[in-house]
Amino acid sequence: MTDPDCVAACFTRSDGSFLFARWTRPPAPVVFGTDEAGVEVFGEALRDAAALAELPVVAEDPELGSNFMVFFCTEWAELKAVPHLAKLIPDLDKLTSVLAGAGANQYRIFGFDEAGGIRIALVLLRYDDDLRQVSARTLALSQSVQSLLLWSDAAFTSESALALSEEGALVKPWHAALLKAAYDPVLPDRSEDPSLALRLAARMGEIEGG
């Protein structure tokens with residue numbers, strides 16, 4: 001039996017609030033700041049992660065064109081020169097300063113529809129020495145998993161959702177089951193009710209039990 005407290009922790013923020021949200025439309029990815037090979041790696045990793053949730057990945061969103069955007073940079077200030085990015089991130093100047101001051105190498109921003117489900121995700125990556133130590137596949141799969149749900153800000157501070165094998169990076173079975181359970185059609189697209197963790201845990205138990 002999956003522990004509901006462990007599930008709840010994945011969506012309980014540092015301030016103690018519970019918040020769950022999932023995509024309400026297929027992600028349509030685009031990657032900036034890397035070569036064609038890097039774009040292909042990210043696309044494949046997103047498709048692999050989304051398949052666990054039975055969530056399709058498409059070439060274009062009818063409303064936004066691309067709604068899953070990945071931006072690579074070597075310094076946060078470079079993002080200020082990206083055309084139209086300031087329209088998507090109104091406080092871009094402030095954000096890049098905060099990220100630079102914190103020494104961060106990644107940041108994710110989500111946008112939501114009227115019902116509170118995820119409609120867009122922006123993944124910002126500063127390709128520093130730490131990220132260079134990670135394979136492209138591992139980085140892409142990790143970012144994909146972390147972008148398919150509105151996880152807690154502390155969800156992956158002590159444990160990664162990935163495992164490394166001879167075949168490369170894979171999503172751990174527990175996290176794969178949670179992704180699949182989270183996209184059960186009968187569950188809400190967004191919830192602030194901690195009791196949702198009980199429903200997720202029950203579905204995970206069914207998935208893990210075969």
Side-chain angles (χ1 to χ4, degrees), residues 2-31 42-43 45-71 87-90 106-124 140-157 161-162 171-208:
T2 298
D3 185 353
D5 289 340
C6 292
V7 177
C10 291
F11 306 104
T12 302
R13 309 192 69 76
S14 297
D15 63 5
S17 63
F18 180 93
L19 180 56
F20 166 93
R22 66 186 183 187
W23 285 77
T24 55
R25 61 185 69 193
V30 63
V31 184
F42 249 91
L46 178 59
R47 289 190 294 272
D48 288 347
L52 298 172
E54 299 183 7
L55 179 68
V57 175
V58 297
E60 184 175 351
D61 177 79
E63 177 189 357
L64 300 170
S66 298
N67 59 15
F68 187 104
M69 304 181 187
V70 181
F71 298 88
K87 294 181 180 179
L88 293 173
I89 309 175
Q106 58 184 280
Y107 192 74
R108 284 169 295 280
I109 302 170
F110 295 90
F112 306 94
D113 58 24
E114 293 181 356
I118 300 172
R119 66 188 286 269
I120 186 171
L122 308 178
V123 179
L124 312 179
L141 187 59
S142 174
Q143 294 300 321
S144 296
V145 169
Q146 293 182 70
S147 301
L148 289 181
L149 293 171
L150 188 65
W151 303 89
S152 160
D153 54 337
F156 302 107
T157 54
L162 305 187
V171 181
K172 292 178 180 177
W174 190 90
H175 291 87
L178 178 51
L179 269 174
K180 183 175 178 62
Y183 278 87
D184 188 316
V186 305
L187 295 180
D189 294 326
R190 185 184 183 95
S191 177
E192 298 178 18
D193 184 353
S195 69
L196 178 66
L198 294 171
R199 301 173 69 185
L200 288 168
R203 282 160 177 76
M204 288 177 67
E206 294 173 1
I207 294 167
E208 294 172 318

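For the numbers below, each heavy atom of this structure counts, side chains included, while hydrogens, waters and symmetry mates do not.
In this structure, the side chains of F68 and S147 come closer than 4.5 Å at one or more pairs of heavy atoms. Within the 4.5 Å cutoff, the side chain of L55 has heavy atoms near those of the P27 side chain. In this structure the side chain of F71 never reaches within 4.5 angstrom of the side chain of V123, judged on heavy atoms. R22 is listed as a side-chain neighbour of Y183, based on a closest heavy-atom distance under 4.5 Å. Side-chain atoms of W174 and V7, non-hydrogen and from C-beta on, do get closer than 4.5 Å to each other. Under the 4.5 Å side-chain criterion, counting only non-hydrogen atoms from C-beta, F156 is in contact with H175. Considering only heavy atoms from C-beta on, Q143 stays 4.5 Å or farther from L46 through its side chain. Counting heavy atoms from C-beta outward, R203 and K180 have side chains that stay 4.5 Å or more apart.
Judged by distance alone, the side chains of S195 and D193 do bring a donor and an acceptor atom under 3.5 Å apart. T24 and D189 share no side-chain donor-acceptor pair at under 3.5 Å.
Once rounded to the nearest 0.5 Å, the distance linking CG of L122 with CG of L88 reads 5.5 Å. How far CG of L196 is from CZ of R190: 12.5 Å, rounded to the nearest 0.5 Å. Interatomic distance, M204 CE to D184 CG, rounded to the nearest 0.5 Å: 13.0 Å. Here the straight-line distance linking atom CG of L162 with atom CD of Q146 works out to 8.0 Å at 0.5 Å rounding. Atom CE of M69 and atom CD1 of I109 lie 11.5 Å apart (nearest 0.5 Å). Here the CG-CG distance, from D153 to L150, works out to 9.5 Å after rounding to the nearest 0.5 Å.
Side-chain atoms of R47 never come within 3.5 Å of backbone atoms of V58 as a donor-acceptor pair (strictly under, hydrogens ignored). A donor-acceptor contact shorter than 3.5 Å is absent between the side chain of S17 and the backbone of R13. Counting only distance, with no hydrogens or angles, the side chain of N67 and the backbone of P26 share a donor-acceptor pair below 3.5 Å. D48 contributes no side-chain N or O that, together with a main-chain N or O of L141, makes up a donor-acceptor pair within less than 3.5 Å.
When all heavy atoms of A21 and G116 are compared, the closest pair comes out as CB-O, 3.9 Å. Counting all heavy atoms, side chain and backbone alike, A28 lies closest to G65 at CB-O, 3.6 Å. The minimum heavy-atom distance between V31 and F42, with the atom names listed, is CG2-CB, 3.8 Å. In plain terms, the two heavy atoms of L200 and A182 that are nearest each other are CD2-CA, 3.6 Å. Minimum heavy-atom separation, V57 to A50: CG2-CB, 3.7 Å. A pairwise comparison of heavy atoms in L178 and C10 identifies CD2-SG, 4.0 Å as the closest pair.
A perpendicular orientation is assigned to the rings of F18 and F11, their planes being inclined by more than 60° (bins at 30° and 60°).
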Which is it for F112 and I118 under the side chain to side chain contact (heavy atoms under 4.5 Å, CB included) test, yes or no, and what are the steps along the way? CA-CA 5 Å; F112 306 94; I118 300 172; 3.9 Å; yes

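Atom OH of Y107 has 12 or fewer neighbouring heavy atoms from other residues, nucleotides or ligands inside a 6.0 Å radius.
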